[in-house]
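First comes the structure, then the notes that go with it.
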Amino acid sequence: METLQSLDEVEHLATRRLSKRAWSFNYSAAGDHISKRLDQEVYRSILLRPRVFINAQECDIATTILGHRVGLPLFVSPVAMARLAHPAGEAGIAAACAVFGALCIISNNASMAPEEIVACAAPGQVFGFQLYVQTDRTESEAVLARINNIPAIKSIVLTVDEPVPGKHEIGERGFEPYDEVHKDVTSQACTPDTDARVALPSVSGPASDVEWKDTLQWLAHHTSLPIIIKGIQTYEDAQIAATYTPHVRGIILSNHGGRVLDTAPPAIHTLLEIRRYCPEVLRELDILVDGGIRRGTDVVKALCLGARAVGIGRAALWGLGAGGGAGVERVLQILAQETRSCMQLLGVRKVSDAGMHHVNARIVENQIYHRY
């Protein structure tokens with residue numbers, strides 16, 4: 001694992017080791033993959049503004065999320081069916097997060113029960129739990145009752161951007177990146193599929209009738225845990241979310257990794273909209289972002305624009321496929337090292353010091369302002 005120097009190298013190794021089924025599960029996105037590509041490209045359009053003659057010897061990359069101290073401004077977004085990538089599954093991801101004190105958000109569609117995932121949690125380790133509201137609300141109520149009894153889980157991450165499934169069309173042509181890597185790889189090099197299943201299956205399926213007031217009132221009756229709303233894609237919805245404090249404590253700006261609605265905006269677009277049209281939301285809620293993170297410079301750019309922390313999803317599963325829990329640990333190590341060095345080269349000593357004056361986002365701003 002120590003020979004891997006970038007997330008691209010991790011993904012390449014994972015692609016060599018995973019079955020086609022496991023690879024496509026993690027790689028695929030909706031439609032023409034425009035949102036998936038834009039999630040990465042938007043960071044390339046933002047330039048850094050380093051300051052010099054600043055003592056960079058000490059650099060603290062720890063921060064807080066919902067008042068809980070975490071070792072990195074990075075968290076693992078909810079990723080489903082992790083045992084498709086490696087038998088260590090979600091427990092392997094959690095163990096890697098423990099090494100760095102990073103927040104780990106457990107997927108509603110995890111292949112291991114939440115109790116199993118947190119069983120070996122490090123002292124003080126922080127988890128969130130992703131919730132998809134089910135058509136039969138009693139199914140979700142039963143899940144919440146279990147989560148309420150797991151002390152390590154500190155928040156409910158209510159995912160709201162997939163009321164109906166996105167359309168994936170990966171097809172045979174979509175397997176070209178996989179086939180290219182496997183030209184010189186024997187079939188024995190691939191990790192076979194494990195007998196992975198969703199540990200908390202639903203009979204009724206995800207609900208498509210959720211609405212702001214009724215859903216959040218219902219949720220308040222069944223948990224006292226703070227709520228993070230995941231899947232905010234416009235500043236207008238960020239404003240609405242802020243009206244439901246203090247039960248709602250944070251939002252994750254996300255287009256679901258481009259998996260649901262193609263041509264939906266990357267999180268950075270939404271973050272810049274919030275800065276322009278409702279900057280008070282930055283003070284009222286913890287704003288997190290995910291999607292497209294490949295480098296520590298991406299992490300720092302998001303922090304400079306007002307994000308409290310940045311999430312990775314696919315990268316965690318690539319790490320798992322490349323080397324189990326050790327692979328995820330390597331992913332976090334690479335990003336942590338790149339984040340620290342980027343901050344030092346910018347002249348930023350701690351996460352809270354990263355600001356808009358450290359980046360030039362004019363190209364991206366021109367794409368989204370005065371757009372109507």
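We're numbering straight along the sequence, starting at 1.
- When the side chain to side chain donor-acceptor pair (under 3.5 Å) test is applied to His168, the partners found at least two apart in sequence or on another chain are Ser28.
- In the hydrophobic clustering of ILVMFWY residues, with side-chain heavy atoms under 4.5 Å counting as a link, Ile46 and Leu282 come out together.
- Of all heavy-atom pairs between Leu13 and Met1, the closest is CD2-CE, 3.8 Å.
- The minimum heavy-atom distance linking Ser35 with Gly258 is given by the pair CB-CA, 3.9 Å.
- With sequence neighbours left out, Arg44 forms a salt bridge (charged side-chain N to carboxylate O under 4.0 Å, His left out) with Asp298.
- At most 12 heavy atoms of other shown residues, nucleotides or ligands fall within 6.0 angstrom of atom CZ in Arg362.
- Shortest non-hydrogen contact noted between Trp318 and Ala14 is O-CB, 3.2 Å.
- Formation of a donor-acceptor pair under 3.5 Å by the Glu338 side chain with backbone atoms of Arg295 is not found in this model.
- Between Asp237 and Ile251, every side-chain heavy-atom pair lies at or beyond the 4.5 Å cut-off.
- Screening residues 25-35 for salt bridge (Lys or Arg N to Asp or Glu O under 4.0 Å) gives no qualifying pairs among residues at least two apart or on separate chains.
- Between Ser254 and Ala267, the closest heavy-atom pair is N-CB, 4.4 Å.
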Side chains of residues 342-354: which donor-acceptor partners sit under 3.5 Å, not counting sequence neighbours?
{"from": "Gln344", "atom 1": "NE2", "to": "Ala56", "atom 2": "O", "distance (Å)": "2.9"}
{"from": "Arg349", "atom 1": "NE", "to": "Asn55", "atom 2": "O", "distance (Å)": "3.1"}

Report, one line per pair, each donor and acceptor closer than 3.5 Å where one atom sits in a side chain of residues 60-72; sequence neighbours left out.
{"from": "Asp60", "atom 1": "OD1", "to": "Ala62", "atom 2": "N", "distance (Å)": "3.0"}
{"from": "Thr64", "atom 1": "OG1", "to": "Arg308", "atom 2": "NH1", "distance (Å)": "3.1"}

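- Under the side chain to side chain donor-acceptor pair (under 3.5 Å) criterion, Arg294 pairs with Asp8, Glu11, sequence neighbours left out.
- In this structure, the side chain of Gln125 engages the main chain of Ala94 through a donor-acceptor pair within 3.5 Å.
- A cation-pi arrangement is absent between Lys20 and Tyr27 under the rule of less than 6.0 angstrom and at most 45 degrees off the ring axis.
- With hydrogens and angles ignored, the 3.5 Å screen pairs no side-chain donor or acceptor of His269 with any backbone N or O of Val364.
- Side-chain contact between Val52 and Ile54 is absent, with no heavy-atom pair separated by less than 4.5 Å.
- Looking at heavy atoms from C-beta onward, Trp218 lies in side-chain contact with Val133 at the 4.5 angstrom threshold.
- For Glu284, the salt bridge (charged side-chain N to carboxylate O under 4.0 Å, His left out) test picks out no residue, with sequence neighbours left out.
- Contacts of Thr135 classified as side chain to side chain donor-acceptor pair (under 3.5 Å), with partners at least two apart in sequence or in another chain: none.
- Between Leu131 and Thr159 the shortest side-chain heavy-atom distance does not fall below 4.5 Å.
- Using a 4.5 Å heavy-atom cutoff, the side chains of Ile229 and Ile252 are not in contact.
- Residues Asp39 and Asn255 bring a donor and an acceptor atom of their side chains to less than 3.5 Å of each other.
- Looking only at side-chain heavy atoms (C-beta outward), Glu236 and Tyr277 stay at 4.5 Å or farther from each other.
- No donor-acceptor pair closer than 3.5 Å links the side chain of Arg249 to the backbone N or O of Ile228.
- In the model, Ser202 has a side-chain atom that pairs as donor or acceptor with a side-chain atom of Gln134 under 3.5 Å.
- Annotation for Glu280: atom CD counts as buried by contact number, over 12 foreign heavy atoms lying within 6.0 Å.
- Between Cys59 and Arg340, the shortest heavy-atom contact is O-NE, 3.8 Å.
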Subject >> side chain to side chain contact (heavy atoms under 4.5 Å, CB included) between His86 and Arg17, intermediate numbers included >> reply: CA-CA 10 Å; His86 192 277; Arg17 292 184 170 180; over 6 Å; no

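- Side chain of Thr245 to backbone of Val248: no donor-acceptor contact under 3.5 angstrom is found.
- For residues 310-329, there are no salt bridge (Lys or Arg N to Asp or Glu O under 4.0 Å) pairs, not counting sequence neighbours.
- Inter-residue side-chain proximity for Ile312 and Leu332 is flagged as met; some heavy-atom pair is nearer than 4.5 Å.
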Donor-acceptor pairs are to be reported for all side-chain atoms of residues 108-120 against protein atoms at under 3.5 Å, with residues two or more places apart or in another chain.
{"from": "Asn108", "atom 1": "OD1", "to": "Tyr132", "atom 2": "N", "distance (Å)": "2.7"}
{"from": "Ser111", "atom 1": "OG", "to": "Ala82", "atom 2": "N", "distance (Å)": "3.4"}
{"from": "Ser111", "atom 1": "OG", "to": "Arg83", "atom 2": "N", "distance (Å)": "3.0"}
{"from": "Ser111", "atom 1": "OG", "to": "Glu90", "atom 2": "OE1", "distance (Å)": "2.9"}
{"from": "Ser111", "atom 1": "OG", "to": "Glu90", "atom 2": "OE2", "distance (Å)": "3.1"}
{"from": "Glu115", "atom 1": "OE1", "to": "Arg146", "atom 2": "NH2", "distance (Å)": "2.8"}
{"from": "Glu115", "atom 1": "OE2", "to": "Arg146", "atom 2": "NE", "distance (Å)": "3.1"}
{"from": "Glu115", "atom 1": "OE2", "to": "Arg146", "atom 2": "NH2", "distance (Å)": "3.4"}
{"from": "Glu116", "atom 1": "OE2", "to": "Ala113", "atom 2": "N", "distance (Å)": "3.0"}

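- When side chains are defined from C-beta on, Phe129 does not count as touching Ile105, because their heavy atoms never get closer than 4.5 Å.
- For Thr297, there are no side chain to side chain donor-acceptor pair (under 3.5 Å) partners, not counting sequence neighbours.
- Proximity of a side-chain donor or acceptor of His182 to a complementary backbone N or O of Thr15 within less than 3.5 Å is detected.
- Note on residues 221-233: pairs passing salt bridge (Lys or Arg N to Asp or Glu O under 4.0 Å), not counting sequence neighbours, are Lys230-Asp290.
- For the pair Glu139 (side chain) and Val203 (backbone), a donor-acceptor distance under 3.5 Å is present.
- The shortest non-hydrogen separation linking Leu18 to Leu84 is CD2-O, 4.4 Å.
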